[in-house]
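Only a predicted model underlies this, so the values are computations on that prediction, with no experimental measurement involved.
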Amino acid sequence: MVDEDTTAPGVVDGTPPGRLLVVGGGPAGTAAALMAASVGVPVTLVEAEERTGGTLWHITALENVPGGWTSGPQLARATQADLDRLEGEGRCVRVRDRAVGVVAHPGHAEVALATGPVLTGGAVVVATGVRPVPVPGPDGHAPGEGPGWLTVEQPEAPLPAGPVPAAPVPALRDTGPLPDGAHALVLGADRPLGTWLRAHPGAAVTLDVLHPASETCKTAEVAGDPRVRLHEVAAATLTHTADGARAAARRPDGTALTLAAPRVLANLGARPAPPAGSLRPGPDGHCPPASQPRRLFTAGDLRAAGHQRVVTAQGSGAEAALSAYYTYWAGRGRRACG
């Protein structure tokens, strides 16, 4: 942490004193709330969605989380039950709203909500995670910043279903079982590819995966799967056709590659989604914990591009809550004592 602040938590606008504010109800945020409550710190958890769990609801197969969990939704329901218990005991308050700002002050921290209210507490754990990178539209633009290696051309006319919708490419992570013999172009080699393959081990499909060199490190876990054909490209142009989609690509060595399939799925990775205010993102948009001002703690996928796993998110959320506790609740300036 930076910016020395030795003042005790303040009380502003009638907010109950000494609350830890947690922004984001995914694996990191729920772990932070549970840990804070376990050491006697009252918690307010801010989550925009109706249910907590975040990306867990999109993880169809789990094999690296201790405790026998086999799917993300299974774990999400369990952690949601934990929060229900804390709320029933009066140790946690859940606020369904979107945090649009997080600001650190000497003596307190604030979270501004999209609907107008401002929450105040002794510290904030920010665990807003990452958001999927959008596929560019046919005009070259997307709601957000699309990947630099991929462009989308106007569809070939006429298409049987009429104009291409605003979001024509479904996300792989939200795709259920595909029929046997299915063939798809997959845009990007992000880790949901491996998750999908593990969730559907018997699916007799062919996936042509186009990805940039920066994602080659993520292909090791799927490279041995005979259903996957990996294509490292420097650039690619996607065109929707009457028969599905066609990708005209250029390999790193300059040679051309053309692929076509009846369907196309997006798997372009994700970018951090920090709220505005006092957070200090690095050049890649992530918010390393050591770079943040006093009273703000970051956790989960928001911290860094690496180590983005469910278990590491949970551990970082719990650690952030304990760091806040030892710094501002267990005694001013006190650090972890084991």
Side-chain angles (χ1 to χ4, degrees), residues 1-3 20-33 35 45-49 53-56 58-59 64 98-104 109 111-112 123-134 142-150 171 173 188-195 211-219 266-324 327:
M1 304 292 288
V2 296
D3 296 340
L20 175 68
L21 308 178
V22 178
V23 180
T30 55
M35 181 58 71
L45 175 66
V46 179
E47 169 56 51
E49 301 298 327
T55 57
L56 287 176
H58 301 282
I59 301 176
N64 56 4
R98 184 169 61 90
V100 296
V102 175
V103 179
V111 174
V124 183
V125 173
V126 185
T128 48
V130 293
R131 294 176 183 167
V133 174
E145 218 180 307
W149 61 274
L150 178 65
R173 72 173 193 173
D190 200 41
R191 293 191 173 91
L193 175 60
T195 301
H211 67 90
S214 60
E215 291 183 348
T216 300
C217 61
K218 301 178 182 180
T219 63
N267 187 41
L268 295 169
R271 290 204 174 104
S278 300
L279 287 172
R280 296 175 177 173
D284 62 355
H286 291 86
C287 300
S291 300
Q292 305 314 310
R294 294 280 173 165
R295 300 190 180 273
L296 300 188
F297 300 81
T298 54
D301 293 354
L302 181 64
R303 299 171 305 154
H307 304 95
Q308 293 188 354
R309 297 291 191 276
V310 173
V311 172
T312 55
Q314 291 177 318
S316 70
E319 182 178 354
L322 281 178
S323 296
T327 304

Could you tell me which non-hydrogen atom of [X] sits nearest to which non-hydrogen atom of [Y], and how far apart they are?
X	Y	result
Leu20	Ala321	CD2-CB, 4.2 Å
Glu47	Gly24	OE1-C, 3.7 Å
Leu21	Ala109	CD1-O, 4.2 Å
Lys218	Asp190	NZ-OD1, 2.7 Å
Gly25	Leu45	CA-CD1, 4.2 Å
Gly53	Pro27	O-CD, 3.7 Å

Which residues share a side-chain hydrogen bond (donor to acceptor under 3.5 Å, both in side chains) with Thr55, sequence neighbours left out: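 Thr55: no side-chain hydrogen bond (donor to acceptor under 3.5 Å, both in side chains) contacts found.
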Can you list everything that forms a side-chain contact (heavy atoms from CB on, under 4.5 Å) with Arg98? Sequence neighbours excluded, please.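 Once residues adjacent in sequence are excluded, the partners of Arg98 under the side-chain contact (heavy atoms from CB on, under 4.5 Å) criterion are Ala48, Val100, Ala114.
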Are side-chain heavy atoms of Ser316 and Arg303 found at a separation under 4.5 Å?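 They are in contact (side-chain heavy atoms under 4.5 Å apart), so the answer is yes.
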Backbone N or O of [Y] within a donor-acceptor pair of the [X] side chain at under 3.5 Å?
X	Y	value
Thr327	Ala324	no
Asp301	Gln308	no
Glu215	Ala189	yes

Separation of Ile59 CD1 from Arg309 CZ (nearest 0.5 Å):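 Result: 10.0 Å between the selected atoms.
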Spatial distance of atom CZ (Arg280) from atom CG (Leu296) [nearest 0.5 Å]: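 CG of Leu296 is found 9.0 Å from CZ of Arg280.
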Walk me through whether Arg173 and Asn267 qualify under side chain to side chain contact (heavy atoms under 4.5 Å, CB included). CA-CA 7 Å; Arg173 72 173 193 173; Asn267 187 41; 5.9 Å; no
Enumerate, atom names and distances included, each donor-acceptor pair closer than 3.5 Å involving a side-chain atom of residues 123-134, sequence neighbours excluded.
residue, atom, partner, partner atom, Å
Thr128, OG1, Ala273, O, 3.0

Qualifying residue for side chain to side chain contact (heavy atoms under 4.5 Å, CB included) with Met35, from Val22, Leu322, Thr30: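 It is Leu322, the one option of Val22, Leu322, Thr30 that forms the side chain to side chain contact (heavy atoms under 4.5 Å, CB included) with Met35.
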Quick check on side chain to side chain contact (heavy atoms under 4.5 Å, CB included): which of Pro288, Cys287, Pro272 does Pro281 satisfy it with?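 Passing option: Cys287.
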